[in-house]
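The structure appears right after this line, and notes come after that.
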Amino acid sequence: MLEKPLESIDLPNMRVGYGGGIPPNIGEGDRAAGADGIRENLDPSWLRGDPPWLDLFSVWLKEALDARIAEPNAMVLGTVDADGRPSTRTVLCKGVDANGVVFFSGYESDKGQHMAANPHASVTFPWIALERQVHFRGPVEHLSTEETQAYWEIRPRGSQLSAAASEQSRPIGSRLELEQKAAELAEQYGGFDAGDEIPVPSNWGGYRIVPVEVEFWQGRANRLHNRVRLTHVDHEWRVERLQP
């Protein structure tokens, strides 16, 4: 292993080409499809329906799945703590509909405490292999007990045990100690593979980001990327193109 690996990495000159890599003529688009296979430039006219972001997001998510993107439902969640300090981490999206974007976490985790103090968040779906991203921003609300229970029941048993055993974001002495906690809980409920029903922990559940802003990003040649933003204002969605 290199003692100082960063010294061997040329970050200032590290970049990849987007779009087709072919300089476009004005009004012609890229003249060559990018990684998403689409020659056409992302346009505000693509956003339609109620809400207007949902249909295109569904198409892009399905295409990320079909392209075998690793964990296409992975999203980068941004929160801000009570002192105004931001933090990001990757979580898994477990639902999207007209009401918003859903994920699950421990209420006493770092992100749970951030959202308790400042109930707003953002998420980004970084489908970089397809030269696409989608960003959501908005207030955060708890899912109902019934919604959390419904998801818990389809969660794999091992994942249930891990969620119940872990005091999320709290320090622990060793990996062995963590595994022992999970093993003791599994024994309490009859085993890792089968046994008694594991109840939903009282400090664990679902969150929904209710979008007030959604942005679609499509990579294009020479960093002249396409950005289209939707903003919810006065009960209506405003759609506009942004400069990259």
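Here the structure is a predicted model, which is why all the values come from computation and not from measurement.
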Taking C-beta and beyond as the side chain, do E141 and V210 meet within less than 4.5 Å on heavy atoms?
yes

Heavy atoms only: give me the nearest V76-P126 pair and the separation to one decimal.
CG2-CG, 4.4 Å

Are E147 and S144 linked by a side-chain donor-acceptor pair shorter than 3.5 Å?
yes

Counting only N and O atoms by type, is there a donor-acceptor contact under 3.5 Å from the side chain of R170 to the main-chain atoms of E108?
yes

Do the side chain of T148 and the main chain of T145 share a donor and acceptor less than 3.5 angstrom apart?
no

Applying side chain to side chain contact (heavy atoms under 4.5 Å, CB included) to Y151 and K94, what does each step give before you reach the verdict?
CA-CA 9 Å; Y151 170 69; K94 291 299 179 179; 3.4 Å; yes

Between K111 and T79, is there a side-chain donor-acceptor contact under 3.5 Å, judged purely by atom types and distance?
no

For the residue pair S105 and S109, confirm or rule out a side-chain donor-acceptor distance under 3.5 Å.
yes

Considering only NZ, NE, NH1 and NH2 on the basic side and carboxylate oxygens on the acidic side, decide whether E177 and K181 come within less than 4.0 Å.
no

Could you check whether Q188 and E184, counting side-chain N and O atoms only, form a donor-acceptor pair closer than 3.5 Å?
no

Sub-4.5 Å side-chain heavy-atom contact between W204 and S166:
no

Checking R223 side chain against R220 main chain: does a donor-acceptor pair fall under 3.5 Å?
no

Is a side-chain N or O of D83 found less than 3.5 angstrom from the main chain of R85, in a donor-acceptor match?
no

Are any side-chain N or O atoms of N226 and backbone N or O atoms of N41, one a donor and one an acceptor, separated by less than 3.5 Å?
no

Decide yes or no on side chain to side chain contact (heavy atoms under 4.5 Å, CB included) for Q133 and I128, but give the supporting numbers first.
CA-CA 7 Å; Q133 300 179 65; I128 304 304; 4.0 Å; yes

Y107 vs Y207 aromatic rings, parallel, tilted or perpendicular, using cut-offs 30° and 60°?
perpendicular

With a 4.5 Å cut-off on side-chain heavy atoms, are V123 and V134 touching?
no

Verify the cluster assignment for V59 and F216: are they in a single hydrophobic cluster under the rule of side-chain heavy atoms below 4.5 Å apart?
yes

Side chain R229, main chain E213, donor-acceptor under 3.5 Å
no

Please check if the number of heavy atoms outside E197 that lie under 6.0 Å from its CD is greater than 12.
no

For W60, is the NZ or CZ atom of R132 found under 6.0 angstrom from the centre of its six-membered ring and inside 45 degrees of the ring axis?
yes

Does a side-chain heavy-atom distance below 4.5 Å link W237 with L47?
no

Say whether, by atom type as modelled, one donor and one acceptor occur between the side chain of Q218 and the main chain of L42 under 3.5 angstrom.
yes

Are D10 and P12 packed together at the side-chain level, in the sense that at least one heavy-atom pair is separated by less than 4.5 angstrom?
yes

Does this structure show an ion pair linking R137 with E215, if we count only N-O contacts that are shorter than 4.0 Å?
no

To the nearest 0.5 Å, what is the distance between CG on D81 and OG on S87?
8.0 Å

With rounding to the nearest 0.5 angstrom, report the CG to NE2 distance, L230 to H135.
12.5 Å

Between H120 and V80, is there a side-chain heavy-atom distance shorter than 4.5 Å?
no

In one Ile/Leu/Val/Met/Phe/Trp/Tyr side-chain cluster, 4.5 Å: I154, L161:
yes

Under 4.5 Å between side-chain heavy atoms, hopping through other hydrophobics if needed: is there a path connecting W53 to L61?
yes

Answer yes or no: are there more than 12 heavy-atom neighbours, outside N13 itself, under 6.0 Å from its atom CG?
yes

Determine, step by step, whether T90 and L77 satisfy the side chain to side chain contact (heavy atoms under 4.5 Å, CB included) criterion, reporting the C-alpha distance in whole Å, the side-chain angles of both residues, the deciding distance to 0.1 Å, and the verdict.
CA-CA 6 Å; T90 302; L77 169 68; over 6 Å; no

First locate atom CG of D97, then atom CG of L54, and finally report the distance between them rounded to the nearest 0.5 Å.
7.5 Å

Where the side chain of D43 meets the backbone of W46, is there a donor-acceptor pair that is under 3.5 Å apart?
no

Side chains of V91 and M75: closer than 4.5 Å at any heavy-atom pair?
yes

Value for CG (N73) from SG (C93), rounded to nearest 0.5 Å, stands at 6.5 Å

Audit row: N118, H114, side chain to side chain contact (heavy atoms under 4.5 Å, CB included) steps and yes/no:
CA-CA 6 Å; N118 187 355; H114 293 182; over 6 Å; no

Please determine, by modelled atom types, if N99 and R208 share a side-chain donor-acceptor pair under 3.5 angstrom.
no

Could you walk me through whether W217 and H225 pass the ring-ring contact (aromatic ring centres under 6.0 Å, His included) test, one step at a time?
CA-CA 7 Å; W217 180 98; H225 305 311; 4.7 Å; yes

May I ask whether L185 and V200 are part of the same hydrophobic cluster, defined by side-chain heavy atoms of I, L, V, M, F, W, Y residues being less than 4.5 angstrom apart, directly or through others?
yes

Report yes if some heavy atom in the side chain of V239 is under 4.5 Å from a heavy atom in the side chain of V228; otherwise report no.
yes

Classify the ring geometry of F57 against F136: parallel below 30°, tilted from 30° to 60°, perpendicular beyond 60°.
perpendicular

Under 3.5 Å: donor-acceptor pair, side chain of S162, backbone of G158
yes

Side-chain (W152) to main-chain (I198) donor-acceptor, under 3.5 angstrom
yes

Check the surroundings of atom CD in Q180: do more than 12 heavy atoms from other residues, nucleotides or ligands lie under 6.0 Å from it?
yes

At what distance, to the nearest 0.5 angstrom, does CE of M115 lie from CG of D110?
10.5 Å

For the pair W127 and F125, name the ring-plane relationship: parallel under 30°, tilted 30 to 60°, perpendicular over 60°.
tilted

